[in-house]
There are 2 protein chains.
Amino acid sequence: MPRTIAKNHDTKRDAILKAAAKLFASEGYGRASMAGVAAACGISKANIYHYYPSKEALLFDILESHLSELRDRICGLTYDSDAPEDQLRVILTEVLLAYQGADAEHDVLLSATQALPEEKQEILRQYQRDFIYEGRARLAAIAPESVANDRAKLWALTMLVFGMLNWHYKWNSAADADTRRAHAKMIADLVIGGVPNLQV
Amino acid sequence: MPRTIAKNHDTKRDAILKAAAKLFASEGYGRASMAGVAAACGISKANIYHYYPSKEALLFDILESHLSELRDRICGLTYDSDAPEDQLRVILTEVLLAYQGADAEHDVLLSATQALPEEKQEILRQYQRDFIYEGRARLAAIAPESVANDRAKLWALTMLVFGMLNWHYKWNSAADADTRRAHAKMIADLVIGGVPNLQV
DNA sequence: CCTACCGATCGGTAGG
DNA sequence: CCTACCGATCGGTAGG
């Protein structure tokens, strides 16, 4: 009778994923070693290779798991209100909350994606496009027609707003949920009415 | 008569700095080799070590040169107008223009700073603080008192705005000066009046 | 004795 | 799930 897959297979895989993300974030993907990942997991290096065929495969799984979860959360949002401003507030808050606890994965995404072959990078870009388009639609709804109807300008605006979101971990990585909600509100106020009209 | 330092010593040092920045950005600091840096410069690896005692020293010089130039440009700005909005437009434009041609250095700053010892990182953080404070002062001048007089809120606002600036290279690294001016204007319009009042 | 380089190779460690 | 290794390549340095 063949041996079955360990009952904690997925649990262990997730543990490797999380430990590797933290190590890749803190040491850098290129300097971090597979032996270091193993040590962080309390298992042997050879055991890591039981779950992943290569260091690159491990990197890709970290990023794909992270981005697919982000996409599912953002694209699966339901909006109580039809008001464009309210919908923008909902999505901005959800993005910052979805980033909570995923600083390591986010950092690895920004600093190590280029280590992957182009085809893998394209898969990751598709996940990102999926949820960025959700944000773009909310921004188009509040933008003047001169922006909403101009693809390049609308994209620039979208990237500026995601710049605020994606930069957040650099200065507030340990933020709790309430802090994230407050920062999302500040971004929303800023986007909707500018700094002079910040409601804080 | 003793031989003098090569007349092209500084020129060559700058060439190494630029080539290394590009290689570190494209391959990642940890994966990039000193042999690769040497090859990109068309010189021997031993020759690199004549200019820099270690790979880490090379990394630090890339980042310090980059940040000191940024600081000098931003902190050395003179403002024609006393209007806070005009001053904000000037500094936002100057930052995006200062980033032009420095995408590699900017990328290395974000992805490899953690490879430096803490004391070196602190030196780099001081350069960044110097010019971020310039931006913060312009933002305080247009913010409501509830933000301008609250250190935490003013810092959050400042980081949001620098998020837009520092994220720019991710989606528009090849932007020319006019494009950068247009993006700086969009950020300024956004900050001053919100998306509904974008003037484009 | 100096600075400016070179080809060759060191001791260790990487991914697998 | 481990110890024991490999081909290769790393950052850094030798003599000249």
Tabulate below the donor-acceptor pairs under 3.5 Å that side-chain atoms of residues 137-146 of chain B make, not counting sequence neighbours, or state none.
{"from": "Arg138(B)", "atom 1": "NE", "to": "Tyr79(B)", "atom 2": "OH", "distance (Å)": "3.3"}
{"from": "Arg138(B)", "atom 1": "NH1", "to": "Gln87(B)", "atom 2": "OE1", "distance (Å)": "3.1"}
{"from": "Arg138(B)", "atom 1": "NH2", "to": "Glu134(B)", "atom 2": "OE1", "distance (Å)": "3.2"}
{"from": "Ser146(B)", "atom 1": "OG", "to": "Val200(A)", "atom 2": "O", "distance (Å)": "3.0"}

Do the side chains of Arg129(A) and Glu122(A) get close enough for a salt bridge, i.e. N-O under 4.0 angstrom?
yes
Integer-rounded Å distance: dG16(C) P and Tyr52(A) OH:
14 Å
Rounded to whole Å, please give me the gap between OH in Tyr49(B) and P in dC10(D).
11 Å
Pick the P atom in dG12(D) and in dA8(C), then give their distance to the nearest Å.
22 Å
Under 3.5 Å between N/O atoms: give me all the protein pairs with nucleotides 2-5 of chain D, atom names plus distance.
{"from": "dC2(D)", "atom 1": "OP2", "to": "Ser44(A)", "atom 2": "N", "distance (Å)": "2.9"}
{"from": "dC2(D)", "atom 1": "OP2", "to": "Ser44(A)", "atom 2": "OG", "distance (Å)": "2.3"}

Base-pair map of DNA chain C as dot-bracket, where | denotes pairing with a different strand and pairs are Watson-Crick or G-U under 3.5 Å
.....|.|.||.|.||
Tell me whether Arg13(B) forms a cation-pi arrangement with Tyr52(B), defined as NZ or CZ under 6.0 Å from the six-membered ring centre and within 45 degrees of its axis.
yes
Met34(A) CE - dA8(D) P separation (whole Å):
20 Å
Protein-nucleotide distance (His50(A), atom NE2; dC1(D), atom C1'), rounded to Å
9 Å
Check side chain to side chain contact (heavy atoms under 4.5 Å, CB included) between Pro53(A) and all other residues, then give those that pass, not counting sequence neighbours.
Ala57(A)
Residue pairs passing the ring pair (Phe, Tyr, Trp, His ring centres under 6.0 Å) test with at least one member in residues 88-146 of chain B, sequence neighbours excluded, are Tyr99(B)-His106(B), His106(B)-Tyr169(B)
Measure the distance from CG on Leu59(A) to P on dG16(C) and round it to the nearest whole Å.
12 Å
Electrostatic pair Lys185(B)-Asp189(B), nearest N-O below 4.0 angstrom
yes
List in numerical order all residues of residues 18-32 of chain A for which some heavy atom is under 4.0 Å away from an atom belonging to DNA chain D.
none
